[in-house]
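Input: a single structure, listed below in structure tokens.
Values below: every heavy atom of this structure, side chains too, minus hydrogens, waters and symmetry copies. From a predicted model like this one, the values you see are computed outputs, not experimental measurements. Residue numbers begin at 1 in each chain, while the letters A, B, ... track the order of the sequences.
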Amino acid sequence: MAEITLVEAVNLALAHELARDPSVVLLGEDIGANGGVFRATLGLKDRFGAGRVLDTPLAEAAIAGLAVGMAAEGLKPVAEIQFTGFIYPALDQLINHASRMRHRTRGRLTCPMVLRSPCGAGIHAPEHHSESPEALIAHVPGLRMVIPSSPARAYGLLLAAIRDPDPVVFFEPTRLYRLFRQAVEDDGVALPLDACFVLRGGTDLTLVSWGAAIHETLAAAGALEDEGVSAEVIDVATLKPLDMATILESVGRTGRCVVVHEAARSAGFGAEIAAGIAESGLFSLLAPLERVTGYDVVLPYSRLEMQYLPGVARILAAARRAMKFQ
Amino acid sequence: MAEITLVEAVNLALAHELARDPSVVLLGEDIGANGGVFRATLGLKDRFGAGRVLDTPLAEAAIAGLAVGMAAEGLKPVAEIQFTGFIYPALDQLINHASRMRHRTRGRLTCPMVLRSPCGAGIHAPEHHSESPEALIAHVPGLRMVIPSSPARAYGLLLAAIRDPDPVVFFEPTRLYRLFRQAVEDDGVALPLDACFVLRGGTDLTLVSWGAAIHETLAAAGALEDEGVSAEVIDVATLKPLDMATILESVGRTGRCVVVHEAARSAGFGAEIAAGIAESGLFSLLAPLERVTGYDVVLPYSRLEMQYLPGVARILAAARRAMKFQ
Amino acid sequence: MNVVASFQVERLEFLGAEGELLAPLPDFARDPEKLVALYRAMTLTRLFDARAVALQRTGQLGTFASSLGQEAVGTGVASAMREEDVLVPYYRDHGALLWRGVTMVESLLYWGGDERGCDYAGPRRDFPACVPIATQVTHAAGVACAMKLRGEPRVAVCMVGDGTTSKGDFYEGLNVAGVWHLPMVVVINNNRWAISVPLHAQTAAATLAQKAIAAGIEGLQVDGNDVIAVHEAARRAIERARAGGGPTLVEALTYRLGDHTTADDATRYRSAGEVERARRLEPRARLARYLERAGAWSGAAEERLRNECTERVEQAVREYLAVPPPAPAAMFEHLYAELPAALRPQREAALRAAGGERERG
Amino acid sequence: MNVVASFQVERLEFLGAEGELLAPLPDFARDPEKLVALYRAMTLTRLFDARAVALQRTGQLGTFASSLGQEAVGTGVASAMREEDVLVPYYRDHGALLWRGVTMVESLLYWGGDERGCDYAGPRRDFPACVPIATQVTHAAGVACAMKLRGEPRVAVCMVGDGTTSKGDFYEGLNVAGVWHLPMVVVINNNRWAISVPLHAQTAAATLAQKAIAAGIEGLQVDGNDVIAVHEAARRAIERARAGGGPTLVEALTYRLGDHTTADDATRYRSAGEVERARRLEPRARLARYLERAGAWSGAAEERLRNECTERVEQAVREYLAVPPPAPAAMFEHLYAELPAALRPQREAALRAAGGERERG
Ligand SMILES: Cc1ncc(C[n+]2csc(CCOP(=O)(O)OP(=O)(O)O)c2C)c(N)n1
Ligand SMILES: Cc1ncc(C[n+]2csc(CCOP(=O)(O)OP(=O)(O)O)c2C)c(N)n1
Ligand SMILES: [Mg+2]
Ligand SMILES: [Mg+2]
């Protein structure tokens, strides 16, 4: 079984579905000969032809709108927005159309599309290339919001996203694209789109995160272990619909919870998890909930981005506060 | 002192600032001769001229982008998006430019603009005319997000928004536009943009809401009084930056909190308030936090919209659950 | 300076304002039966439309967008489509929807605030009316792209208003259609107003057809009050698209005789004189005059048609009014193919809340 | 069919590929000193640009977008502006920025990931480089609108790429500029590629200048490797705009000789032959040949210029590398005019976290 990177896992899943389902079509900027600016679609145009892998003009609203039209007409478009910083012109189509097509036509027309986009900071990219707008998507009824944090989950979740009969937004953390390799079998087995993943069991503290921040969270859990603290780490993976049950079960056991995400804090998706606990797990809490997030500031240019990101030290500080709380 | 409606208060504030500050310019679709589809800009073009009140072509991205350009060049544009359902094409400009202009130029260029937009359901409007996307805005660093719930607050907050040196998004609940009248003096006195309003004191329970839902919340507080429950009602009004202190102080006294909003629940702004309490007011809570919100469904067409909205009965049920909780 | 490219915009018209012939009729129009069919459809559209406005005025319908005076556009275009083509309409396309087989009951349900009105029993693949301006243009391009990729001889036909041409996605859609050579036709109902904004405040372009030039596609103007011209222009464009000839932009010049919608009051921003002048050019009377002169229509036929249409409209209204409101559970149906487990508690809460309301009510 | 509108797109060019004259020179170009000034600016731009690429390759700069081969566009346009005009550039406008007085240190800071690089000490009202494609076009329209409303004889000059012309806001901005008759000029750096997408896959339009027709504004094409043509076209357009003549779209035909950015590898998607053919048309050598023939330039002058530019560039690089990184508190500065109370705890947490890092580091 080959050890591959996350971006290779994305490529593998796309190839798998292109081969399996003739209605799958990829579209986006520079995804053809160039194989995508991160090479997520490398070789796919050569292998599946220009009729399956479409280089679009530079127009994100059109990319999303094309996908809506294709999906309603029976294709399974997998659209790429080159960076999440350029997804905003596509939001209108996602919110006003993709999410509603099935509902407003009472199931007559549907929108089985995927919108992939590389997200997140930490790769010293130019401005607008490091955004994490997942909370915006997760607020929209009718959409699904998925962010993998490992090659295996990228593969399995992307298969599931493409096979899902409804629109799925799929963010791929650029910081993880080539961070590490993992054995991934091209077995076509999808992962569930309605479940968190418990990456590490623990009894004293629940750490909840998703995307690239999972890795600082896991590192923090490792450091906590050295301090004698057993931290459970949950990768939310699918933010919408949210598997709150897994989180509540964990917090019910540990009584302490730190949520970690890269996006700005206010009205970030961490708030939804905190709210879910305050509603349904309140009295299991032994310490105040903590959020370790990007600050509520404009994402700084690259020289300061590491100061902005929730690093291991900040996660550890919050975890220690939670553990010390009496 | 004249008793006026909320939409008249908006008009009054716009007129006041147009008269006071020659750099104020209004722009938007149908705001001129037509006075806006809700008449918020009624008479202003006649009074201040076509050089101050600009009817734009039908292009929301352009409206927002024009405002950014005008603001950076020293004007104070007050742009109107005809309905919040059509704000999505403007988000790119709000998120990628308006919110960042000051930050990325280290204060050299700034963006003192206001983006007004009628929001919310309950007026039996066609689809896309009843949206409440305030949580999307409230997530964006560098923006302010304001929603008034009475004529007086509309007047005072809009004055403040226009005078603010940074970009402010200002949603006006259409359901309140003509729901009731209130005495509003045209005294040019602005209200603070960083404070909640305690509309009603109470000792047993804190009800937090904003926009049109304030009125069902107040009605519920009235009904609770009849049941012997003293409910405090807080109008958040400015969602970003959020005055969490006022909410925490109240919940610290009452120990019970219900957050009410019209928007869909998941990752709605109620989550941020719940998170703030779970972080900083956890152990004052005597009952689980409750959110009474729009469901996580596509906003239904008008025949079902009242079933979607958080009505008095649903607020009461939640309040009673919170009160009964031991 | 050297000229490196030149362009012309042409206008197609056959019937003058008095129903007189301005040019030799195209083939299809030589058969009076064909024209009578168009006339009947335009008449039904007009009566349906007026009835819908009346329903709104009496609180029995939501906000409604009348197509008064623009019936030749929808009827002319839809009648040039094949059944297997896909219509991507906007909210003012009653004539096109009726011709495509959307029922009046469905339309009334839609405007009455009931999603079931978009579940067309007839044209299953046609899109529901689009409200967010211009967003439908990229949908049509997506539909056309699907057709082209599958090698199907089908065409996506998209309807837009004049104000719509100012919006970015209108242009993005045309540009993609051009470079991908898609089987797509975009028809502009140029009714000269976008709510209160007249065309001259919308764009400096002398014609809207010339917007095609930016996308490198075919564009032409037709007299949108001349159903023969509209049908002929649409037919040529659709058949060219079907044959692999690429997309076309058709600008149909007409006039919005009514208010923008029932929520609007057009007297606030335009003169009665302008409306009166435009009324003299309206499409139904013009075709009637031509047909009468051609001996294909009569006062008696007109009366029969009106009665028949009125009866059909009233029957639809009765059926519409008898439809009970959707159950609250409908909010959770068709949200996703299957309701996610996370949403079940909300659904139950909604049903409880609705039950409570009913008990109290 | 009647023709209701006709349009032509013209091309302006003066210098051929060998530096030969194709047409009588415009007035400004009769003064060799003026041309030498342009040549010097293009040379500085090219050397700066190459040094920036080298800095990136050695890890001393972030991703950088070279303007190699397109120097005539930025220099030609900016040199036609007045100081009080406003430049609204995109990320590939090094030549224009330099001419406007943005320092090389500022540019390097920007590309090095430091916001202070956008705090231009020189052109205080010019916009920083725009990264989200096409969004700057509506900014320029807003700037131009402010100028017009205040009655100022100033012009907003906006730079875009060829791929940019596919995006909706490009078109929305042009359309607004047209209907409001704004003092705005949009210049397309048509370098034939948008990352890996060649122009023919971007649009079916034969020229990009014809996109002006959709907006009802002036449009023309220039040889973008001929700085005289670029300057002259920009000058005419800017002065027409200043005089109240409305907006113009200028398409400058050039070629992106380098990779899209330092993160790109253009050999993946285009042939070496194509690049070689384009290199023969590049703007600097062409102008040098003309100036040499005109006796206004020499090998010695060239050497002096290179040395001088290299020294200036190296001095800027040294200054850039000496700038310490911004303090973490900078994240919270200039976020709002005044930091809201709600954000103070976050600021303190950030400073604590940064302090902690420092202690451990
Ligand atoms: C994106 C968007 N912005 C604003 C509106 C509100 N609105 C509804 S119709 C309309 C005018 C449309 O004019 P036009 O395209 O000419 O079509 P017409 O209604 O005249 O047929 C506007 C501004 C909308 N529906 N969508
Ligand atoms: C809205 C948006 N989408 C995508 C990108 C990513 N991107 C950066 S440059 C570029 C190509 C731009 O091509 P063109 O307009 O021709 O300018 P050039 O870089 O060739 O000068 C793309 C797709 C972006 N910056 N903004
Ligand atoms: Mg119109
Ligand atoms: Mg280019």
key: S23(A), part contacting chain C, at a heavy-atom distance under 4.5 Å   = neither
inquiry  = Quick check against the 3.5 Å criterion: does D166(A) have a side-chain atom that pairs as donor or acceptor with the backbone of A337(C)?
reply    = yes
key: Close side-chain approach of P128(C) to L109(A), heavy-atom, < 4.5 Å   = yes
task = For each of G51(A), G142(A), P57(A), G107(A), tally heavy-atom pairs with chain C at distances under 4.5 Å, and name the one with the top tally.
result = G142(A)
ask   = Which heavy atom in A72(A) sits nearest to a heavy atom in F127(C), and how many Å separate them?
value = CB-CZ, 3.4 Å
query = Do L54(A) and C145(C) come close enough that some side-chain heavy atom pair is under 4.5 Å?
reply = yes
Winner by heavy-atom pair count (cut-off under 4.5 Å) against chain C, out of G74(A), P22(A), A64(A) = G74(A)
message = Report which part of V137(C) has an atom under 4.5 Å of a heavy atom belonging to chain A: side chain, backbone, both, or neither.
response = neither
note = Highest number of heavy-atom pairs under 4.5 Å with chain A among D169(C), D126(C), N175(C) belongs to D126(C)
query = If we only count heavy atoms from C-beta on, is the C130(C) to H97(A) side-chain gap below 4.5 Å?
reply = yes
key: Part of A129(C) within contact of chain A (heavy atom distance under 4.5 Å)   = backbone
ask   = Atom CZ in R116(C), atom CZ in R106(A): separation rounded to 0.5 Å?
value = 8.5 Å
query = What is the distance from atom OH of Y336(C) to atom CG of L193(A), rounded to the nearest 0.5 Å?
reply = 11.0 Å
OH on Y110(C) to CZ on R104(A), rounded to 0.5 Å = 5.5 Å
query = Looking at side-chain heavy atoms only, is the closest gap between P132(C) and N96(A) below 4.5 Å?
reply = yes
message = For the interface with chain A, which of L335(C), D119(C), L343(C), V86(C) has the highest count of heavy-atom pairs at distances below 4.5 Å?
response = D119(C)
key: Contact leader toward chain C among R102(A), M70(A), M101(A), R144(A), where contacts are heavy-atom pairs under 4.5 Å   = R102(A)
Distance-only side-chain donor-acceptor flag, Q93(A) / H139(C), under 3.5 Å = yes
message = Can you tell me how far apart NE2 (H103(A)) and SG (C118(C)) are? Round to the nearest 0.5 Å.
response = 11.5 Å
ask   = Does any heavy atom of chain A fall under 4.5 Å from the side chain of L149(C), the backbone, both, or neither of them?
value = side chain
inquiry  = For Y120(C) and T105(A): C-alpha separation, side-chain torsions, deciding distance, then whether side chain to side chain contact (heavy atoms under 4.5 Å, CB included) applies.
reply    = CA-CA 8 Å; Y120(C) 306 153; T105(A) 64; over 6 Å; no
remark   = Honestly, the part of D92(A) sitting under 4.5 Å from a heavy atom of chain C is side chain
query = Side chain, backbone, both or neither: which part of A144(C) has a heavy atom under 4.5 Å from chain A?
reply = neither
message = When you measure from the side chain of E172(C) to the backbone of A62(A), do you find a donor-acceptor pair of N or O atoms at a distance under 3.5 Å?
response = yes
task = Kindly compute the distance separating CZ (R124(C)) from CZ (R108(A)), expressed to the nearest 0.5 Å.
result = 6.0 Å
message = Under 4.5 Å from any heavy atom of chain C, what part of L58(A) do you find: side chain, backbone, both or neither?
response = neither
